[in-house]
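No hydrogens, no waters, no symmetry mates; every other heavy atom, side chains included, goes into these values.
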Amino acid sequence: MVNSPTPADTGRPHVLLIPGAGSDPGYWDALRARLTASGRSSTAVDLPCADESASLEDYARTVLDAADRDGTAGEPVHVVAHSFGAFTAGLVPDLLPVARMTLLSPMIPAPGESGAQWWAATDQAGAHQRAAERNGLQLPLDMDELFYTGFSAEQRENADRWERDQSDRAFSQPWPRAGWPEVPTTVLAFASDRLFPPEFTERLATERIGPHIFGEVPGGHMGMVSHPDELADAITRE
(Lines give C-alpha, C1' and ligand atoms only; values in the text may rest on other atoms or scores of the structure.)
Protein backbone atom coordinates (compact mmCIF):
# COMPACT_ATOMS: atom_id res chain seq x y z
CA MET A 1 0.00 0.00 0.00
CA VAL A 2 1.29 3.44 -0.96
CA ASN A 3 1.42 5.91 1.90
CA SER A 4 -0.03 8.99 0.25
CA PRO A 5 0.18 12.51 1.71
CA THR A 6 -3.11 14.02 2.74
CA PRO A 7 -4.78 16.74 0.65
CA ALA A 8 -4.13 19.21 3.47
CA ASP A 9 -0.40 18.44 3.18
CA THR A 10 -0.25 19.10 -0.57
CA GLY A 11 -2.57 22.05 -1.05
CA ARG A 12 -3.58 20.47 -4.39
CA PRO A 13 -6.67 18.46 -5.33
CA HIS A 14 -6.69 14.86 -4.17
CA VAL A 15 -6.44 12.43 -7.10
CA LEU A 16 -9.15 9.76 -7.39
CA LEU A 17 -8.06 6.95 -9.73
CA ILE A 18 -10.90 5.02 -11.40
CA PRO A 19 -9.97 1.71 -13.06
CA GLY A 20 -11.24 0.29 -16.33
CA ALA A 21 -13.43 -2.77 -16.85
CA GLY A 22 -12.75 -5.83 -14.74
CA SER A 23 -9.62 -4.41 -13.14
CA ASP A 24 -8.18 -4.50 -9.64
CA PRO A 25 -7.08 -1.06 -8.37
CA GLY A 26 -3.62 -2.52 -7.74
CA TYR A 27 -2.57 -1.63 -11.26
CA TRP A 28 -2.39 2.01 -10.14
CA ASP A 29 0.29 1.27 -7.50
CA ALA A 30 3.32 2.37 -9.54
CA LEU A 31 1.61 5.59 -10.59
CA ARG A 32 0.49 6.30 -7.02
CA ALA A 33 4.07 5.94 -5.82
CA ARG A 34 5.16 8.58 -8.36
CA LEU A 35 2.31 10.88 -7.42
CA THR A 36 3.23 10.56 -3.75
CA ALA A 37 6.86 11.38 -4.56
CA SER A 38 5.67 14.55 -6.30
CA GLY A 39 3.56 15.54 -3.28
CA ARG A 40 0.15 14.55 -4.65
CA SER A 41 -2.26 12.51 -2.53
CA SER A 42 -4.30 9.83 -4.27
CA THR A 43 -6.81 7.02 -3.84
CA ALA A 44 -7.22 3.99 -6.10
CA VAL A 45 -10.97 3.33 -6.16
CA ASP A 46 -12.08 -0.30 -5.83
CA LEU A 47 -15.18 -0.54 -8.03
CA PRO A 48 -17.71 -3.38 -7.49
CA CYS A 49 -17.01 -4.56 -11.04
CA ALA A 50 -17.89 -8.23 -10.42
CA ASP A 51 -21.20 -7.45 -8.69
CA GLU A 52 -24.08 -8.12 -11.10
CA SER A 53 -26.38 -5.99 -8.95
CA ALA A 54 -24.17 -2.88 -9.19
CA SER A 55 -25.15 -0.14 -11.63
CA LEU A 56 -23.06 2.72 -13.03
CA GLU A 57 -24.68 4.92 -10.40
CA ASP A 58 -23.41 2.47 -7.76
CA TYR A 59 -19.93 2.77 -9.27
CA ALA A 60 -20.12 6.57 -8.96
CA ARG A 61 -21.29 6.29 -5.34
CA THR A 62 -18.31 4.01 -4.67
CA VAL A 63 -16.07 6.86 -5.82
CA LEU A 64 -17.91 9.20 -3.45
CA ASP A 65 -17.49 6.72 -0.60
CA ALA A 66 -13.75 6.47 -1.32
CA ALA A 67 -13.43 10.25 -1.19
CA ASP A 68 -15.43 10.35 2.03
CA ARG A 69 -13.19 7.74 3.69
CA ASP A 70 -10.13 9.79 2.77
CA GLY A 71 -11.67 12.98 4.09
CA THR A 72 -11.88 14.63 0.67
CA ALA A 73 -15.66 14.61 0.12
CA GLY A 74 -16.67 18.27 -0.11
CA GLU A 75 -13.22 19.29 -1.33
CA PRO A 76 -12.55 19.62 -5.08
CA VAL A 77 -10.86 16.49 -6.42
CA HIS A 78 -8.97 15.54 -9.56
CA VAL A 79 -10.60 12.49 -11.17
CA VAL A 80 -8.35 10.27 -13.30
CA ALA A 81 -10.15 7.48 -15.16
CA HIS A 82 -8.91 4.73 -17.46
CA SER A 83 -10.76 3.09 -20.37
CA PHE A 84 -14.29 2.00 -19.29
CA GLY A 85 -13.72 4.06 -16.13
CA ALA A 86 -14.84 7.09 -18.17
CA PHE A 87 -18.44 5.79 -17.91
CA THR A 88 -18.12 6.23 -14.12
CA ALA A 89 -16.01 9.40 -14.17
CA GLY A 90 -18.65 11.35 -16.08
CA LEU A 91 -21.16 10.73 -13.27
CA VAL A 92 -18.89 11.75 -10.40
CA PRO A 93 -19.34 15.56 -10.72
CA ASP A 94 -23.02 15.06 -9.90
CA LEU A 95 -22.00 13.72 -6.49
CA LEU A 96 -18.96 15.72 -5.38
CA PRO A 97 -16.93 18.77 -6.44
CA VAL A 98 -14.49 17.94 -9.26
CA ALA A 99 -11.77 20.46 -10.08
CA ARG A 100 -10.74 18.63 -13.22
CA MET A 101 -10.76 15.27 -14.96
CA THR A 102 -8.07 13.36 -16.81
CA LEU A 103 -9.17 10.48 -19.04
CA LEU A 104 -6.63 7.85 -20.08
CA SER A 105 -7.33 6.00 -23.36
CA PRO A 106 -10.98 6.42 -22.44
CA MET A 107 -14.25 4.89 -23.56
CA ILE A 108 -16.02 8.26 -23.67
CA PRO A 109 -19.77 7.58 -23.57
CA ALA A 110 -22.57 9.23 -25.49
CA PRO A 111 -25.95 9.81 -23.81
CA GLY A 112 -27.97 6.60 -23.69
CA GLU A 113 -25.11 4.47 -25.01
CA SER A 114 -23.95 1.37 -23.15
CA GLY A 115 -20.42 0.07 -22.89
CA ALA A 116 -21.48 -2.88 -25.03
CA GLN A 117 -22.81 -0.56 -27.76
CA TRP A 118 -19.82 1.79 -27.62
CA TRP A 119 -17.54 -0.39 -29.73
CA ALA A 120 -19.68 -0.41 -32.86
CA ALA A 121 -20.91 3.16 -32.36
CA THR A 122 -17.35 4.52 -32.37
CA ASP A 123 -15.95 2.22 -35.12
CA GLN A 124 -13.29 1.01 -32.71
CA ALA A 125 -12.78 -2.10 -34.88
CA GLY A 126 -11.84 -0.03 -37.91
CA ALA A 127 -9.38 2.08 -35.92
CA HIS A 128 -7.91 -1.06 -34.38
CA GLN A 129 -7.46 -2.66 -37.80
CA ARG A 130 -5.76 0.40 -39.29
CA ALA A 131 -3.40 0.69 -36.32
CA ALA A 132 -2.44 -2.98 -36.62
CA GLU A 133 -1.71 -2.61 -40.33
CA ARG A 134 0.49 0.45 -39.71
CA ASN A 135 2.50 -1.52 -37.17
CA GLY A 136 2.82 -4.61 -39.36
CA LEU A 137 0.67 -6.69 -37.01
CA GLN A 138 -1.89 -9.31 -37.93
CA LEU A 139 -5.20 -9.53 -36.10
CA PRO A 140 -6.26 -10.95 -33.75
CA LEU A 141 -3.58 -9.77 -31.34
CA ASP A 142 -2.71 -11.72 -28.21
CA MET A 143 -3.08 -10.20 -24.75
CA ASP A 144 0.54 -9.08 -24.57
CA GLU A 145 0.30 -7.22 -27.89
CA LEU A 146 -3.12 -5.76 -27.16
CA PHE A 147 -2.97 -4.75 -23.50
CA TYR A 148 0.50 -5.26 -22.06
CA THR A 149 2.73 -3.48 -24.57
CA GLY A 150 6.10 -2.63 -23.04
CA PHE A 151 5.59 -4.62 -19.83
CA SER A 152 8.55 -6.14 -18.03
CA ALA A 153 8.37 -9.80 -17.05
CA GLU A 154 7.49 -8.80 -13.47
CA GLN A 155 4.77 -6.40 -14.61
CA ARG A 156 3.28 -9.05 -16.88
CA GLU A 157 3.20 -11.53 -14.00
CA ASN A 158 1.44 -8.98 -11.81
CA ALA A 159 -1.11 -8.30 -14.57
CA ASP A 160 -2.67 -11.72 -14.09
CA ARG A 161 -3.51 -10.72 -10.51
CA TRP A 162 -5.12 -7.47 -11.63
CA GLU A 163 -7.71 -9.15 -13.83
CA ARG A 164 -11.23 -9.40 -12.39
CA ASP A 165 -14.67 -10.22 -13.72
CA GLN A 166 -16.76 -7.42 -15.17
CA SER A 167 -20.50 -7.59 -14.62
CA ASP A 168 -22.85 -7.44 -17.59
CA ARG A 169 -25.20 -5.01 -15.86
CA ALA A 170 -22.85 -2.03 -15.74
CA PHE A 171 -21.51 -2.76 -19.22
CA SER A 172 -24.97 -3.08 -20.79
CA GLN A 173 -26.58 -0.15 -18.94
CA PRO A 174 -27.24 3.00 -21.03
CA TRP A 175 -25.13 5.92 -19.85
CA PRO A 176 -27.60 8.03 -17.86
CA ARG A 177 -26.31 11.57 -18.43
CA ALA A 178 -27.47 13.99 -21.15
CA GLY A 179 -23.89 14.96 -21.97
CA TRP A 180 -20.36 15.21 -20.63
CA PRO A 181 -20.19 17.35 -17.48
CA GLU A 182 -18.86 20.89 -17.74
CA VAL A 183 -15.61 20.15 -15.92
CA PRO A 184 -12.14 20.97 -17.33
CA THR A 185 -11.11 17.72 -18.98
CA THR A 186 -7.81 16.45 -20.33
CA VAL A 187 -7.74 13.37 -22.56
CA LEU A 188 -4.46 11.46 -22.74
CA ALA A 189 -3.87 8.74 -25.30
CA PHE A 190 -1.16 6.14 -24.82
CA ALA A 191 1.07 6.50 -27.85
CA SER A 192 1.44 2.74 -28.47
CA ASP A 193 -2.15 1.79 -27.58
CA ARG A 194 -3.25 -0.82 -30.12
CA LEU A 195 -6.75 -1.14 -28.68
CA PHE A 196 -7.65 2.58 -28.76
CA PRO A 197 -5.07 4.23 -31.07
CA PRO A 198 -4.28 7.91 -30.35
CA GLU A 199 -5.98 9.28 -33.47
CA PHE A 200 -9.14 7.34 -32.58
CA THR A 201 -9.10 8.70 -29.02
CA GLU A 202 -8.54 12.26 -30.23
CA ARG A 203 -11.50 12.02 -32.64
CA LEU A 204 -13.74 10.58 -29.95
CA ALA A 205 -12.82 13.31 -27.48
CA THR A 206 -13.54 16.02 -30.04
CA GLU A 207 -16.92 14.53 -30.91
CA ARG A 208 -18.11 13.74 -27.39
CA ILE A 209 -16.56 16.16 -24.93
CA GLY A 210 -16.22 19.43 -26.78
CA PRO A 211 -13.54 21.79 -25.41
CA HIS A 212 -10.73 19.76 -23.89
CA ILE A 213 -6.98 19.32 -23.77
CA PHE A 214 -5.55 16.38 -25.71
CA GLY A 215 -2.09 14.85 -25.33
CA GLU A 216 -0.12 11.65 -25.70
CA VAL A 217 2.00 9.77 -23.17
CA PRO A 218 4.22 6.71 -23.73
CA GLY A 219 2.95 3.17 -23.36
CA GLY A 220 0.27 0.78 -24.53
CA HIS A 221 -3.26 0.50 -23.18
CA MET A 222 -1.95 -0.13 -19.66
CA GLY A 223 0.71 2.56 -19.81
CA MET A 224 0.20 3.54 -16.18
CA VAL A 225 2.06 0.32 -15.36
CA SER A 226 4.83 0.45 -17.96
CA HIS A 227 5.44 4.24 -17.91
CA PRO A 228 4.28 5.61 -14.54
CA ASP A 229 6.90 8.39 -14.44
CA GLU A 230 5.77 10.00 -17.67
CA LEU A 231 2.12 9.67 -16.76
CA ALA A 232 2.65 11.14 -13.30
CA ASP A 233 4.45 14.09 -14.92
CA ALA A 234 1.52 14.65 -17.28
CA ILE A 235 -1.04 14.52 -14.46
CA THR A 236 0.88 16.79 -12.10
CA ARG A 237 1.44 19.40 -14.82
CA GLU A 238 -2.30 20.03 -14.92
Could you see if Val80 belongs to whatever hydrophobic cluster contains Ile213? Use Ile, Leu, Val, Met, Phe, Trp, Tyr and a side-chain cutoff under 4.5 Å.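 Cluster IDs for Val80 and Ile213 differ.
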
Ignoring hydrogens and angles, tell me if any N or O in the side chain of [X] forms a donor-acceptor pair with the backbone of [Y] under 3.5 Å.
{"X": "Glu163", "Y": "Ser23", "answer": "no"}
{"X": "Arg34", "Y": "Ala232", "answer": "no"}
{"X": "Trp180", "Y": "Gly90", "answer": "no"}
{"X": "Asp58", "Y": "Ser55", "answer": "yes"}
{"X": "Arg177", "Y": "Pro111", "answer": "no"}
{"X": "Glu216", "Y": "Pro198", "answer": "no"}
{"X": "Thr206", "Y": "Leu204", "answer": "no"}
{"X": "Arg203", "Y": "Thr122", "answer": "yes"}
{"X": "Arg194", "Y": "His128", "answer": "no"}

Those residues that, when tested against Glu52, pass side-chain contact (heavy atoms from CB on, under 4.5 Å) (two or more places apart):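 Partners of Glu52 by the side-chain contact (heavy atoms from CB on, under 4.5 Å) criterion, ordered by chain and then number, come out as Ser167, Asp168, Arg169.
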
Within a radius of less than 6.0 Å around CG of Asp165, do more than 12 heavy atoms belonging to other residues, nucleotides or ligands occur?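 Not more than 12 within 6.0 Å, no.
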
Go through the structure and list residues passing salt bridge (Lys or Arg N to Asp or Glu O under 4.0 Å) with Glu199, not counting sequence neighbours.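 For Glu199 the salt bridge (Lys or Arg N to Asp or Glu O under 4.0 Å) partners, ignoring immediate neighbours, are Arg134.
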
Atom pair CH2 (Trp118) and CE (Met107), whose distance is rounded to the nearest 0.5 Å: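 Taking CH2 in Trp118 and CE in Met107, the distance rounds to 5.0 Å.
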
Calculate, to the nearest 0.5 Å, the distance between atoms OG and CG belonging to Ser53 and Asp51 respectively.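 Reported to 0.5 Å precision, the distance equals 3.0 Å.
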
Looking at Asp29 and Arg32, is there a salt bridge between them, counting it only when a charged N and a carboxylate O are closer than 4.0 Å?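 The answer is no: the pair does not qualify as a salt bridge.
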
Who are the ring pair (Phe, Tyr, Trp, His ring centres under 6.0 Å) partners of Tyr59, not counting sequence neighbours?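 So Tyr59 forms no ring pair (Phe, Tyr, Trp, His ring centres under 6.0 Å) with any residue.
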
